[in-house]
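Excluded from the calculations below are hydrogen atoms, water molecules and symmetry mates; all remaining heavy atoms, backbone and side chain alike, are included.
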Number of protein chains: 2
Amino acid sequence: MASGQGRVLELAVLGSLHETPLHGYELRKRLNALLGMFRAFSYGSLYPCLRSLLAQGLIAEEQPAPTTIVGGRSKIVYKLTAEGKERLQELLTQAGPSAWEDESFGVHFAFFRHTEAEVRLRILEGRRSRLEERLDSVRTALARTRERLDSYTLELQRHGLESVEREVRWLNELIATERRASQEPEQETTSTDE
Amino acid sequence: MASGQGRVLELAVLGSLHETPLHGYELRKRLNALLGMFRAFSYGSLYPCLRSLLAQGLIAEEQPAPTTIVGGRSKIVYKLTAEGKERLQELLTQAGPSAWEDESFGVHFAFFRHTEAEVRLRILEGRRSRLEERLDSVRTALARTRERLDSYTLELQRHGLESVEREVRWLNELIATERRASQEPEQETTSTDE
DNA sequence: GCGTCGATGTATCGCGCCGATACATCCTGA
DNA sequence: TCAGGATGTATCGGCGCGATACATCGACGC
């Protein structure tokens with residue numbers, strides 16, 4: 001497949017490094033603090049990702065003042081290159097399934113600050129329809145079920161349905177807010193900052 | 001690793017086949033109807049899993065009346081063997097991290113009907129403390145954050161926190177119900193526990 | 001001074017499982 | 001009549017998690 005379809009990590013790393021240079025260990029901490037509620041980043045994917053990004057020239061090692069280093073303490077600080085910033089912008093522009101699936105939506109959302117309003121809206125709507133389609137399929141499957149389910153299965157269904165419905169409602173609010181915000185500034189063509 | 005640590009699929013397949021014999025396609029539909037809100041089972045893992053279970057003798061192919069088959073229509077129906085039932089019981093007895101992690105908890109819960117009350121309780125409590133520990137780490141990381149976060153990041157945190165808190169509350173209710181149910185047969189000690 | 005324990009730090013390996021894809025048959029409807 | 005959709009089995013690439021292995025550091029007790 002065309003490179004970089006499912007790489008959630010690439011966006012996560014590039015996005016984090018955009019704020020400030022970091023080394024692997026702290027990068028992971030940041031990421032888990034930011035998205036720990038949704039997913040858990042691990043070294044097993046982080047370091048290979050950093051290596052790959054380094055090889056692509058999207059990030060670079062940053063040397064601290066070498067005089068202060070005494071014991072040759074290894075601590076590799078990475079920073080975004082110009083190409084990396086470009087790539088990040090490119091990733092932030094993409095509004096496709098790779099943006100609104102379970103694993104990736106949170107990451108994309110976390111960097112919405114750097115995303116264009118139009119793209120934000122399309123991602124939010126994409127996620128919403130993804131969830132609604134899931135609700136549909138589960139509901140119809142449930143309705144077609146002949147045998148009566150035990151109470152645990154039922155409770156699991158109920159809880160799952162409720163969770164997803166709740167997220168849909170959350171998305172509805174976000175979408176409404178986005179729409180409102182994009183129409184409010186009649187005068188002035190909005191700030192195309194950075 | 002000792003075999004069968006992370007295999008959520010094994011339990012899912014064995015558990016489903018315990019109800020009634022099924023073939024791959026329908027097995028997947030069942031599973032996705034049952035757990036589609038939490039995860040999506042795919043053929044890419046289902047068929048290899050079936051093959052593995054078959055090789056282990058935990059499931060077996062079931063022949064329909066061969067006279068009615070005309071065109072050599074392939075439709076491989078699997079059923080649980082005696083060993084399979086044993087293995088299923090074994091899996092249902094295990095209350096460990098492999099039971100209360102995100103991907104596996106739903107599957108274990110879905111078959112709680114066949115699980116001992118004590119094991120059910122331990123899994124529910126394990127899941128709860130898993131979530132609380134996650135809440136803790138994210139909350140403290142958030143509190144330690146110096147820089148002020150943008151509104152999107154904040155909203156993501158808020159939503160994530162709320163979702164997890166909600167699940168904890170759900171678990172609390174379930175645990176209370178389990179406790180009540182296990183004490184009902186005795187005269188009540190008016191337990192003011194916790 | 002000495003041991004140990006936890007946090008910091010980089011790195012790799014196995015492999016479970018997903019998504020996409022291919023291919024074949026059956027049924028339904030325009 | 002034939003296209004399209006549901007049914008059905010199967011494989012391949014590869015992402016990313018969990019476990020693990022090291023190494024250094026500061027803090028603590030003793």
Side-chain angles (χ1 to χ4, degrees), chain A residues 1-13 22-32 35-36 38-54 61 64 69-78 96-98 100-104 106-107 130 137 140-141 144, chain B residues 1-13 22-32 35-36 38-54 61 64 69-78 96-98 100-104 106-107 130 137 140-141 144:
Chain A
M1 279 316 92
S3 63
Q5 202 40 254
R7 0 254 304 181
V8 200
L9 264 179
E10 183 177 359
L11 173 57
V13 170
L22 289 170
H23 52 105
Y25 188 80
E26 192 158 4
L27 184 52
R28 179 180 181 265
K29 276 210 311 187
R30 291 273 186 123
L31 251 19
N32 280 340
L35 296 154
F38 307 96
R39 44 177 308 142
F41 295 94
S42 84
Y43 296 126
S45 38
L46 192 53
Y47 282 109
C49 177
L50 284 172
R51 217 188 310 127
S52 158
L53 291 176
L54 196 57
E61 297 185 23
I69 314 177
V70 188
R73 193 77 184 76
S74 63
K75 187 162 168 181
I76 312 168
V77 178
Y78 297 98
S98 62
W100 55 62
E101 285 306 312
D102 288 335
E103 339 76 52
S104 41
V107 179
R130 178 75 188 81
S137 76
T140 60
R144 248 202 301 269
Chain B
M1 280 307 93
S3 63
Q5 203 39 258
R7 358 256 301 182
V8 200
L9 263 179
E10 183 177 0
L11 173 58
V13 169
L22 289 170
H23 52 104
Y25 187 81
E26 193 159 3
L27 183 52
R28 179 180 181 267
K29 276 211 311 189
R30 291 273 187 125
L31 251 19
N32 280 339
L35 297 153
F38 308 96
R39 45 179 307 142
F41 295 94
S42 83
Y43 296 126
S45 39
L46 192 55
Y47 280 110
C49 176
L50 284 171
R51 216 187 310 127
S52 158
L53 291 176
L54 196 58
E61 297 184 23
I69 314 177
V70 188
R73 193 78 184 73
S74 63
K75 187 163 168 180
I76 311 168
V77 178
Y78 297 97
S98 62
W100 55 61
E101 285 306 311
D102 288 336
E103 338 75 52
S104 41
V107 178
R130 178 75 187 80
S137 75
T140 59
R144 248 202 300 270

* Return no unless some side-chain N or O of A:K29 is found under 4.0 Å from OP1 or OP2 of C:dT8. => yes
* Asked: Does the side chain of A:R39 get closer than 4.0 angstrom to OP1 or OP2 of D:dC17 through an N or O atom?
  ->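 The answer is yes; a side-chain N or O of A:R39 sits under 4.0 Å from OP1 or OP2.
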Polar atom pairs (N or O), protein with nucleotides 9-12 of chain D, under 3.5 Å:
{"residue": "D:dT9", "atom": "OP1", "partner": "B:I76", "partner atom": "N", "Å": "3.1"}
{"residue": "D:dT9", "atom": "OP2", "partner": "B:G24", "partner atom": "N", "Å": "3.3"}
{"residue": "D:dT9", "atom": "OP2", "partner": "B:Y25", "partner atom": "N", "Å": "2.8"}
{"residue": "D:dT9", "atom": "OP2", "partner": "B:Y47", "partner atom": "OH", "Å": "3.0"}
{"residue": "D:dT9", "atom": "O5'", "partner": "B:Y47", "partner atom": "OH", "Å": "3.4"}
{"residue": "D:dT11", "atom": "OP2", "partner": "B:R51", "partner atom": "NH2", "Å": "2.7"}

* To do: Report the residues that fulfil side-chain contact (heavy atoms from CB on, under 4.5 Å) with A:S45, sequence neighbours left out, ordered by chain and then residue number.
  =>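 A:S45 satisfies side-chain contact (heavy atoms from CB on, under 4.5 Å) with A:L9, A:S42 once adjacent residues are dropped.
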* Asked: Who are the side-chain contact (heavy atoms from CB on, under 4.5 Å) partners of B:R130, not counting sequence neighbours?
  ->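 If we apply the side-chain contact (heavy atoms from CB on, under 4.5 Å) test to B:R130, skipping adjacent residues, the hits are B:W100, B:E101, B:E133, B:R134.
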Whole-Å distance between [N] [atom2] and [X] [atom1]?
{"X": "B:N32", "N": "C:dG19", "atom1": "CG", "atom2": "C1'", "answer": "13 Å"}
{"X": "B:L53", "N": "C:dC17", "atom1": "CG", "atom2": "P", "answer": "11 Å"}
{"X": "A:E103", "N": "C:dC17", "atom1": "CD", "atom2": "C1'", "answer": "12 Å"}
{"X": "A:D102", "N": "C:dC18", "atom1": "CG", "atom2": "P", "answer": "12 Å"}
{"X": "A:E101", "N": "D:dG16", "atom1": "CD", "atom2": "P", "answer": "13 Å"}
{"X": "B:L11", "N": "C:dC17", "atom1": "CG", "atom2": "C1'", "answer": "16 Å"}
{"X": "A:L50", "N": "C:dT12", "atom1": "CG", "atom2": "P", "answer": "11 Å"}
{"X": "A:L46", "N": "C:dG9", "atom1": "CG", "atom2": "C1'", "answer": "12 Å"}

* Overall bend - the helix from C:dG1-D:dC30 to C:dA30-D:dT1, comparing terminal axes fitted on five pairs, nearest 10 degrees -> 30°
* Asked: Looking at A:S98 and A:S104, what are the two nearest heavy atoms and their distance?
  ->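 Closest heavy-atom pair between A:S98 and A:S104: O-OG, 2.8 Å.
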* Asked: Which pair of heavy atoms, one from B:P48 and one from B:Y43, lies closest together, and at what distance?
  ->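 Where B:P48 meets B:Y43 most closely, the heavy atoms are CD-O, 3.6 Å.
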* Mind checking ring pair (Phe, Tyr, Trp, His ring centres under 6.0 Å) for B:Y25 and listing every partner two or more places apart, or none if nothing turns up? =>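 Per chain and number, B:Y25 pairs via ring pair (Phe, Tyr, Trp, His ring centres under 6.0 Å) with no residue.
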Does [X] have any side chain to side chain donor-acceptor pair (under 3.5 Å) partners at least two apart in sequence or in another chain, and if so, which?
{"X": "B:R30", "value": "A:E147"}
{"X": "B:E61", "value": "none"}
{"X": "B:S52", "value": "B:Q56"}

* Please round to the nearest 0.5 Å and tell me the distance separating atom CG of B:D102 and atom CZ of B:R39. =>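 Reported value, rounded in 0.5 Å steps: 10.5 Å.
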